[in-house]
2 protein chains.
Amino acid sequence: MGLKDQSTEAKILNAAKEVFMKFGLYGARMQDIADLAGINKALLHYYFRNKEKLFNAVFESALEKYFQQVTVMGDTSMSVEERLFKYVDNVFDFFEEYPQMTMFIIKEVSINPELFKQKVSKLKENKPFVVPMLQQAIDNKEIAEMDPIVFIVNLHSMCAYPFLGAPLFRGMMKNNGYDWDQVKKEKIKDAVKEFISFKLNRKDV
Amino acid sequence: MGLKDQSTEAKILNAAKEVFMKFGLYGARMQDIADLAGINKALLHYYFRNKEKLFNAVFESALEKYFQQVTVMGDTSMSVEERLFKYVDNVFDFFEEYPQMTMFIIKEVSINPELFKQKVSKLKENKPFVVPMLQQAIDNKEIAEMDPIVFIVNLHSMCAYPFLGAPLFRGMMKNNGYDWDQVKKEKIKDAVKEFISFKLNRKDV
DNA sequence: GTCTATACGCAGATAGAC
DNA sequence: GTCTATCTGCGTATAGAC
C-alpha cells in the first residue's frame, strides 16, 4: 500500500509511529511527523488535538501488537514445545517488522509506569497467560521440572535483546568482519529453540 | 560520599547522569539537572559550555564503565567457565547499580550511530575481546563446540534484558503476586550460570 | 565561582482563509 | 479537510552583578 492510498489519518499514524519509536515522546517533533506524513503540522492537531493524544494512539497500537504475540500459546492442538517454537517464530517476525517497538515500550513505561498499569490490564485479560500453562505441563510431567517465570524471562531475553541491542552489536561486529543482522537471522533463533528443547526435555532434575 | 562533599563539577555530572539516563539527550532538561545538583542553571554552562558537551561527558563515562565489565575475561588464572561466571557476577552488580545504563547507551547509539563509532573503537582496543578467547578454548577442546558469537549474545541477552525490561516485568508480575526484583536477584543469575555450564560441558555435539 | 535577569529560538498549539 | 500565518510558552544559552 503506497502512501498515496492511505487516508490522512493513517498517514499520520504511520509517520507518528516511526518518529515516536525513534525519538520517544519528548524527543519526537511534530514537524518531523508532519513532514514524514507529507502534510502540514496543523493537520496533526486537527486529527489528534495535541501531541499527547497522538502519542497515546501510537502507544496503544504498539502495546496491542506486542501482546498479540502470546496468543499462540493458547492453541492446545500443539504440544507445549511446538507452541513455544511457534511463539519464537512469531516474536522474531514481529521484531523484524518493528525492531524499535520493545525499546519504545520499555522506555516510555520506565518514564511513566502509570502508562502500563492503565493500558495493559484489560489487554492481558483476554490472553492466555503463559506461566500457569507451563506450570500445568510441569505438573502433568509433560515437560521437565523448572521455574516457569525464570524460563519465560530467559526465553524472552534471548529473543528481544538481539533486536534491542542491535545498534550496539552492529557497531561491535562490523569492525570484526561480521554482519550482525545476518547472524541474528540465521543463528540466534535456532539457539533459542535449542535452549527450549534443553529446558523442556532434560532428565537430570 | 554525601552531596555536600562533592565538587560542583562532580555534583553536576552525577545529576546529569541520572537525568540523561532517564530522559535521554532530547528529553532531559537542564533545569532538572541543575535542581538535582542543587545549583543554578547558569553554572551548568559555566562548567560544560552547553548541553551537548555535558551529555558527551556523561556518555563517555557510561561507555567506559560498560566496557570495563569485560576485562575479567582476560584473567587467565581462571578456567573459562570460572571467568564467565565471574563476568556474570560483575554484569549483575553493574546493572544493579546502573539499571538504566544499557538502555541509555542503546537508545543514544540507535539515534546517532556515529556516537558509537567515534567512542568505542579506542576503548575496545585495550580490552580482551571475548570471541577469540572462546574460539581458542574450543580449539583446545577445553569447552564444547559452539558458535562463540551466538553464545555471547545469548549470554548477554539473559543478563541485560531482565534489567532493561524491568519496568515491563514489574508491571506484569505485580498483578500476579510476584516481586520482579526479588526473582531477578535470586533466580535469574543462577539460570544464566546453568546455561553457561550447559553450553560449555555438553557432550552431544 | 555562583547568582539573577534576560535574550533568543524552537516547538506545540491556534486562528482563520480557502 | 487542508493550508499559511501567528501566538505563546518553554528551554537553552548569555550578560553581567556580586
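Order of the sequence lines fixes the chain letters, A, B, ..., with proteins taken first and strands second; residue numbering starts at 1 for each chain. The figures here come from the full heavy-atom set of this structure, side chains too, leaving out hydrogens, waters and symmetry mates. Everything numeric here is computed off the predicted structure, so don't read it as measured data.
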Do the side chains of A:Lys193 and A:Asp89 get close enough for a salt bridge, i.e. N-O under 4.0 angstrom?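 A:Asp89 and A:Lys193: salt-bridged.
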Could you tell me whether A:Glu194 and B:Arg202 make a salt bridge, using a distance below 4.0 angstrom between a side-chain N and a carboxylate O?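 Yes, A:Glu194 and B:Arg202 are salt-bridged.
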May I ask you to decide if the ring planes of B:Phe195 and B:Phe151 are parallel, tilted or perpendicular, using 30° and 60° as cut-offs?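 Correct class here is parallel.
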In whole angstroms, how far is the P atom of D:dT12 from the OH atom of B:Tyr46?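 Between P of D:dT12 and OH of B:Tyr46: 21 Å.
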Provide, to the nearest angstrom, the distance between the CZ atom belonging to B:Phe48 and the P atom belonging to D:dA13.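 About 14 Å, once rounded to whole Å.
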side-chain N/O B:Thr8 vs C:dT2 OP1/OP2, d < 4.0 Å: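 Affirmative; the distance criterion is met.
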Quick one: which residue pairs count as a ring-ring contact (aromatic ring centres under 6.0 Å, His included) with a foot in residues 21-43 of chain A, not counting sequence neighbours?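 Of all non-adjacent pairs touching residues 21-43 of chain A, those that pass ring-ring contact (aromatic ring centres under 6.0 Å, His included) are A:Phe23-B:Tyr26, A:Tyr26-B:Phe23.
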Nucleotides 3-18 of chain C: protein proximity per nucleotide (B base, S sugar-phosphate only, - neither; heavy atom, under 4.0 Å): BB------SBBB----
Which residues satisfy the side chain to side chain contact (heavy atoms under 4.5 Å, CB included) test with A:Asp181, sequence neighbours excluded?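 So A:Asp181 forms a side chain to side chain contact (heavy atoms under 4.5 Å, CB included) with A:Arg170, A:Asp179, A:Lys184.
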